[in-house]
Participant: 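The structure follows.
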Number of protein chains: 2
Amino acid sequence: MCGMKAAGYAQVMSSEVTSKKAWEQVVDWVEQRVLSGELVVGSTLPAERDLALRVGVSRPAVREAVRTLQASGVLRSSVGAGGSGGTTVTGVPHQALTKLLRMHVALASFPATDVTQVRVVLERLSTSLATQRADSEQLAGMRAQVELMDDDGLSIEEFNGHDTQFHVAIAEAAGNRLATDLTVAIRESMRDPILEGLYALDDWKRVRGLLRTEHHAVLSAIEGRRADEAADLVEEHIRAAFARMSWLHDR
Amino acid sequence: MCGMKAAGYAQVMSSEVTSKKAWEQVVDWVEQRVLSGELVVGSTLPAERDLALRVGVSRPAVREAVRTLQASGVLRSSVGAGGSGGTTVTGVPHQALTKLLRMHVALASFPATDVTQVRVVLERLSTSLATQRADSEQLAGMRAQVELMDDDGLSIEEFNGHDTQFHVAIAEAAGNRLATDLTVAIRESMRDPILEGLYALDDWKRVRGLLRTEHHAVLSAIEGRRADEAADLVEEHIRAAFARMSWLHDR
DNA sequence: TCACCCTATTGGTATTACCATTCACGATGC
DNA sequence: GCATCGTGAATGGTAATACCAATAGGGTGA
């Protein structure tokens, strides 16, 4: 396709009111086609060299644009010829969301108290939905994590890992993709601060016992299909866990 | 500075187990320093040419990494010498979050029903907090938007714009930065679908009346400092507005 | 017919050379 | 001495080119 040969780029666009940078033009090109439905998940973009010609920019500009959209979980690049290779449209916001939140929690763009507050309402929602929708397999997955946490031989990291997986299992059982991705992202973004907080505790074993009790209580309410109780217990659990790490509050 | 002349990069890292791409190494370099606190909001990164030398990659690789972090709202580039120019660490997730959500709503990575469900719990939180915290100036801002919506001469876009600004004003008065940014992002991500839905209505004037009534009711509850009632009204409002656009449900 | 290689395609990377913008510092004039 | 203006250096923005690496698919030989 395309018999034209493209005479070359216009390096200096004098008197061009288009203050848009070259790579932004490419981002717009893609975004426009995604928003209009012309590009859907699974679509393959033109090769970088072709796209550069079409938009009228250089290949580095195209690549910078691809990075931008890749960082949002919209594109995915892989080398090689044929159907496999090329830059394709994905729809995987999970990773992007997690990285974004983690950085902004570290930069304190999102204070820990604000994040926790949002986490409470999200997990209330997830827990309530999961209580209504979870099938036996999903319930078994939750129970497995809770029971793994009863092992006294676990390190703090391992314990916290199962803790996270329990909450993620609830979110996934809820069947709300945005709530699930946000819950995972928030949890992951707070992982390092939480671990620091746990290590700083002088009575880890007592806290560990409290966490176990709370998790068992939440699980029981879910298994008993008591949605409101489960949501209340989750909220209480999250708030209590946050309160135990007092030094986190002013972050 | 720079007495050295840079002998050149190692273009082929044969037998290098580092499967990481060059630009990813740069992203890691920055992320590591952000997470460790070495880089904070306001910090200036080394110049692209210098950073390329430090990490041992080419300048295009550095630029691709900068785009990645820029897309997450972590970096900001501006040309020029001295203190002004250069690539600096920001902490502005708002834009990034909005763009991410908008794309993934368009790609149906996040179904409209899921997004609406999350929006309900976030705005319940925002409304409750705003009811407790809003000062008179913020209340006046909300009222201004509601009263602007009473003008019969507004186009659908204008009406919807004030609608959005009312909800944003509530979120900002709540004082939770994550909730605010998420609310704005969700609202913006649904803007085009909502407008399409409003245009498709055959009884716009009736719906407009309903929306006005609901907004006034929410505002009254906030001004009266009745937090629970305000939250309930907001939830009812959002659910009703979503239900009115039936064709949106299977998106 | 099947296995193998070879070539075209595609992203990944480096290098070089400019342009455009901005600030800091020094020269210049008062 | 002080203010003003200009110039150069630093920095991101962009293009052009050349090559590497990986992959698929077709062509070729056994």
Side-chain angles (χ1 to χ4, degrees), chain A residues 1-2 5-27 30 43-70 75-90, chain B residues 1-2 5-27 30 43-70 75-90:
Chain A
M1 52 190 73
C2 77
K5 207 51 199 308
Y9 314 107
Q11 177 147 0
V12 181
M13 328 265 285
S14 64
S15 75
E16 182 83 3
V17 287
T18 315
S19 58
K20 285 242 177 177
K21 306 190 199 315
W23 61 269
E24 284 182 310
Q25 297 177 35
V26 182
V27 170
V30 177
S43 301
T44 297
L45 261 62
E48 292 179 353
R49 296 163 176 82
D50 290 347
L51 191 48
L53 288 177
R54 290 203 204 185
V55 184
V57 298
S58 69
R59 201 183 150 201
V62 170
R63 290 182 60 77
E64 290 181 25
V66 169
R67 291 293 158 265
T68 293
L69 292 161
Q70 195 179 58
L75 293 183
R76 167 185 163 275
S77 292
S78 48
V79 311
S84 142
T87 302
T88 57
V89 178
T90 63
Chain B
M1 56 187 70
C2 79
K5 205 53 201 304
Y9 314 107
Q11 177 149 356
V12 181
M13 330 264 286
S14 63
S15 73
E16 182 83 5
V17 287
T18 314
S19 58
K20 286 244 179 179
K21 305 192 202 312
W23 61 270
E24 284 182 310
Q25 297 176 37
V26 183
V27 171
V30 176
S43 301
T44 298
L45 262 61
E48 292 179 354
R49 295 164 177 83
D50 291 345
L51 190 48
L53 287 178
R54 289 204 206 184
V55 184
V57 297
S58 68
R59 199 182 152 204
V62 170
R63 289 182 60 78
E64 290 180 25
V66 169
R67 291 294 159 265
T68 293
L69 293 162
Q70 196 178 58
L75 293 183
R76 165 184 167 277
S77 292
S78 47
V79 306
S84 142
T87 302
T88 56
V89 178
T90 63

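All chains are named by letter (A, B, ...) in the order of the sequence lines, taking the proteins before the strands, and each is independently numbered beginning at 1. Treat the numbers as computed from the prediction; the structure is a model and nothing was measured.
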Participant: Assess the residue pair B/V55 and B/V62 against the criterion (side-chain contact (heavy atoms from CB on, under 4.5 Å)); give the C-alpha distance rounded to whole Å, side-chain angles, the decisive distance to 0.1 Å, and a yes or no.
Facilitator: CA-CA 9 Å; B/V55 184; B/V62 170; 5.8 Å; no
Participant: Could you state the atom-to-atom distance from CD of B/E48 to C1' of C/dT16 in whole Å?
Facilitator: 15 Å
Participant: To the nearest 0.5 Å, what is the distance between CZ on B/R67 and CD on A/Q70?
Facilitator: 14.5 Å
Participant: Using OP1 and OP2 only, check whether a side-chain N or O of B/S84 sits under 4.0 Å from C/dT21.
Facilitator: no
Participant: Please confirm whether any donor atom in the side chain of B/R49 sits under 3.5 Å from an acceptor in the base of D/dG12, or the reverse.
Facilitator: yes
Participant: Nearest heavy atom decides the nucleotide; on that basis, is A/S78 or A/P60 closer to the 5' end of DNA chain C?
Facilitator: A/S78
Participant: If you look at every heavy atom in A/S84 and A/V79, which pair is closest and at what distance?
Facilitator: OG-O, 4.3 Å
Participant: Would you kindly check whether a donor in the side chain of B/R76 faces an acceptor in the base of D/dG12, or vice versa, at under 3.5 angstrom?
Facilitator: no
Participant: Looking only at heavy atoms, which two atoms of B/W23 and B/A65 are closest? And how far apart?
Facilitator: O-CB, 3.3 Å
Participant: In this structure, how many angstroms lie between the C1' atom of C/dT13 and the CG atom of B/L51, rounded?
Facilitator: 16 Å
Participant: Could you check how far CZ of B/R67 sits from P of D/dG12, rounded to whole Å?
Facilitator: 10 Å
Participant: Given atom CZ of B/R63 and atom P of D/dG13, what is their separation to the nearest angstrom?
Facilitator: 5 Å
Participant: Protein-nucleotides 4-9 of chain C N/O pairs closer than 3.5 Å?
Facilitator:
| unit_1 | atom_1 | unit_2 | atom_2 | d |
| --- | --- | --- | --- | --- |
| C/dT9 | O2 | A/A81 | N | 3.4 |

Participant: Of the nucleotides C/dT21, D/dA15, D/dA24, which one has an atom closest to the side chain of A/S58?
Facilitator: D/dA15
Participant: Using heavy atoms to find the nearest nucleotide of DNA chain C for A/G86 and B/G83 separately, return the residue whose nucleotide is more 5′.
Facilitator: A/G86
Participant: When the distance from CZ of B/R59 to P of D/dG12 is rounded to whole Å, what number comes out?
Facilitator: 7 Å
Participant: Taking for each residue the nucleotide of DNA chain D bearing the nearest heavy atom, is the 5' side occupied by A/A61 or by B/S77?
Facilitator: B/S77
Participant: Choose from C/dG12, C/dA14, D/dG13 the nucleotide whose nearest atom is closest to any side-chain atom of A/K21.
Facilitator: D/dG13
Participant: What integer distance in Å separates B/K20:NZ from C/dG12:C1'?
Facilitator: 16 Å
Participant: Which residue is it: B/S78, B/P46, B/S77, B/S43? I am looking for the one with a side chain to side chain contact (heavy atoms under 4.5 Å, CB included) to B/T87.
Facilitator: B/S77
Participant: Nearest 0.5 angstrom please: A/T44 OG1 to A/R76 CZ, how far?
Facilitator: 9.0 Å
Participant: Please report the distance, rounded to the nearest Å, between CH2 in A/W23 and P in D/dG12.
Facilitator: 15 Å
Participant: Picking from A/V89, A/T68, A/T90, what satisfies side chain to side chain contact (heavy atoms under 4.5 Å, CB included) with A/L75?
Facilitator: A/V89
Participant: Whole angstrom is fine here: how far is it from CD in B/E64 over to P in D/dT14?
Facilitator: 14 Å
